[in-house]
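Notes follow the structure.
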2 protein chains.
Amino acid sequence: MTNAGASSSDNPSRDAILDAAVASFGRLGYHGTSIQRIATDVGLTKAGVLHHVGSKEGLLRLVLTEMYDSGTMDIMAETIRDERPSIPTMWRRVVAFNNRRPALVHMFSTLSAEAIDPEHPAHDYFATREHDIVATALNINWNVPDGVDVEKLLRAGFAMMDGIQLRWLRTPGQDLTAMWADCENVLFPLPQWEGYR
Amino acid sequence: MTNAGASSSDNPSRDAILDAAVASFGRLGYHGTSIQRIATDVGLTKAGVLHHVGSKEGLLRLVLTEMYDSGTMDIMAETIRDERPSIPTMWRRVVAFNNRRPALVHMFSTLSAEAIDPEHPAHDYFATREHDIVATALNINWNVPDGVDVEKLLRAGFAMMDGIQLRWLRTPGQDLTAMWADCENVLFPLPQWEGYR
DNA sequence: GTCTATACTGAGATAGAC
DNA sequence: GTCTATCTCAGTATAGAC
């Protein structure tokens, strides 16, 4: 992958619309985004954009399922296939992946806060996603030190990652993987995790 | 305080406007909030609302400084006065406080994601706040076990709290203090933190 | 596949009456 | 302190020509 997180199909206008939508949903949220803005960004009129995506909600759905979802679940699947599945390794993979697609992480962060509102068109998407990720992870036979509560660790760690990504995006020029490395010392303290990282 | 986080002065209309603004900024973000919406909520016209707050940006400033800031800094000040300042205790206080003002936490979560955008009217507020909180906390002589990196722990813990609050708000009926208690087992693992919690 | 034109609704802000 | 009225601009969406 050369253009981290960017869309690519045989429809250039559609691809440009989705990329512009990721940027606008991230900066301005769903409510702050207008079809006119997307249209101007890609050099079309409003009607031209709506021909491709149907409606503003249709655009949101497209962007979440076609852009953000691709990749994340692959990491979980890859981890399941490991001989000794490691939580630190899984999160390192997620962080390395997200480090290369800041625009999509930005969109995810903005929308996931906006979608706390039960009326938000992406509310169900985020509620379901959160549940599914933890449920999937809990079915893995993790290689962890004795006495570790896997469910609590998973919930705490995913929460921490959300907060770290927010801080990463707020201050430009930082490296997400370096910030996460500092978190690892808190989440997986030595000597308890010696040999498990 | 009986009405957790609600405003109170000698100006009922102004108070109602600020309370309605907290709710709307939380649900819809700054961009999604309209003066008309606030006006309808409090039984005024747009012109009536603007008489009190000047402009939409003025309303945002008022709500951040008069509503959200009050209280949070008091907890830090209280902690400084403790004989043996404890990070777990400070965070327990913050969580107990926030547990009683969900509307303000909702506003904070939504705006802090929206304000990643450098052009957002609250961008500087959040960037400065984040820096100041860590800087203030680093000046406290914390009572922690040997070998703990205080700065990394503070950054990691505040990030985790943001993520936990997001999850708390997303699924109604949960208790924030209980969710945080689970996090404590991850942030302050026993036996290392025995006697330091 | 993209356009123009149009319908309808709502935004933020100001002036000035009461 | 609150109103009505008005200005200017932008929003989503549809119909229909090309």
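In the text below, chain A, chain B and the rest are named by the order of the sequence lines, each starting its count at 1. Since this is a predicted model, take the numbers as computed values, not measurements.
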**Rounded (10°) bend between the five-pair end axes of the helix from C:dG1-D:dC18 to C:dC18-D:dG1** = 10°

**Prompt:** B:Lys56 has a side chain; which of C:dA13, D:dA13, D:dT2 sits nearest to it?
**Reply:** C:dA13

**Asked** In residues 24-38 of chain B, what residues come within less than 4.0 Å of DNA chain D, judged by heavy atoms?
**Response** none

**Whole-Å distance separating the CG atom of A:Leu60 from the P atom of D:dT12** = 13 Å

**Prompt:** Tell me: CG of B:Leu50 to P of C:dT14, nearest whole Å?
**Reply:** 8 Å

**Fill in**
Residue pairs meeting ring pair (Phe, Tyr, Trp, His ring centres under 6.0 Å), one or both in residues 138-163 of chain B, sequence neighbours left out, come to B:Trp91-B:Phe158

**Message:** Testing the 3.5 Å rule here: is there a donor-acceptor pair between the side chains of B:Asn11 and B:Ser9?
**Reply:** no

**Residues from residues 10-21 of chain B lying under 4.0 Å of DNA chain D - heavy atoms** = B:Asn11, B:Ser13

**Request:** Scan side-chain atoms only and decide if A:Thr40 and A:Gln36 contain a donor-acceptor pair under the 3.5 Å cut-off.
**Result:** yes

**Message:** Restricting to salt bridge (Lys or Arg N to Asp or Glu O under 4.0 Å), what partner residues turn up for A:Asp182, sequence neighbours left out?
**Reply:** B:Lys152

**Message:** A:Arg167 vs B:Asp162, test: side chain to side chain contact (heavy atoms under 4.5 Å, CB included). Steps then yes/no.
**Reply:** CA-CA 10 Å; A:Arg167 284 155 179 75; B:Asp162 283 2; 3.1 Å; yes

Report each atom pair, protein N/O against N/O of nucleotides 3-6 of chain C, whose distance is under 3.5 angstrom.
unit_1	atom_1	unit_2	atom_2	d
C:dC3	OP2	A:Thr45	N	3.0
C:dC3	OP2	A:Thr45	OG1	3.1

**Item:** A:Arg170/B:Glu130 under salt bridge (Lys or Arg N to Asp or Glu O under 4.0 Å): CA gap, chis, key distance, verdict
**Value:** CA-CA 10 Å; A:Arg170 179 133 53 224; B:Glu130 186 172 312; 3.0 Å; yes

**Asked** Considering residues, nucleotides and ligands other than B:Arg155, do more than 12 of their heavy atoms fall under 6.0 Å from its CZ?
**Response** no

**Message:** Show me the pairs that pass ring pair (Phe, Tyr, Trp, His ring centres under 6.0 Å) and involve residues 17-45 of chain A, at least two apart or across chains.
**Reply:** A:Phe25-A:Tyr30, A:Tyr30-A:His120, A:His31-A:His120

**Request:** List in chain and number order the residues that pass salt bridge (Lys or Arg N to Asp or Glu O under 4.0 Å) with A:Arg101, two or more places apart in sequence or in another chain; answer none if no residue qualifies.
**Result:** none

**Fill in**
For B:Ser24, the side-chain contact (heavy atoms from CB on, under 4.5 Å) test, sequence neighbours excluded, returns B:Leu28, B:Thr33, B:Arg37, B:Ile38

**Pairs meeting criterion ring pair (Phe, Tyr, Trp, His ring centres under 6.0 Å) with involvement of residues 36-90 of chain B, two or more places apart** = B:Tyr68-B:Phe108

**Request:** Please name all residues satisfying salt bridge (Lys or Arg N to Asp or Glu O under 4.0 Å) with B:Asp19, sequence neighbours left out, ordered by chain then number.
**Result:** none

**Asked** With B:Asp117, which residues qualify under salt bridge (Lys or Arg N to Asp or Glu O under 4.0 Å), at least two apart?
**Response** A:Arg27

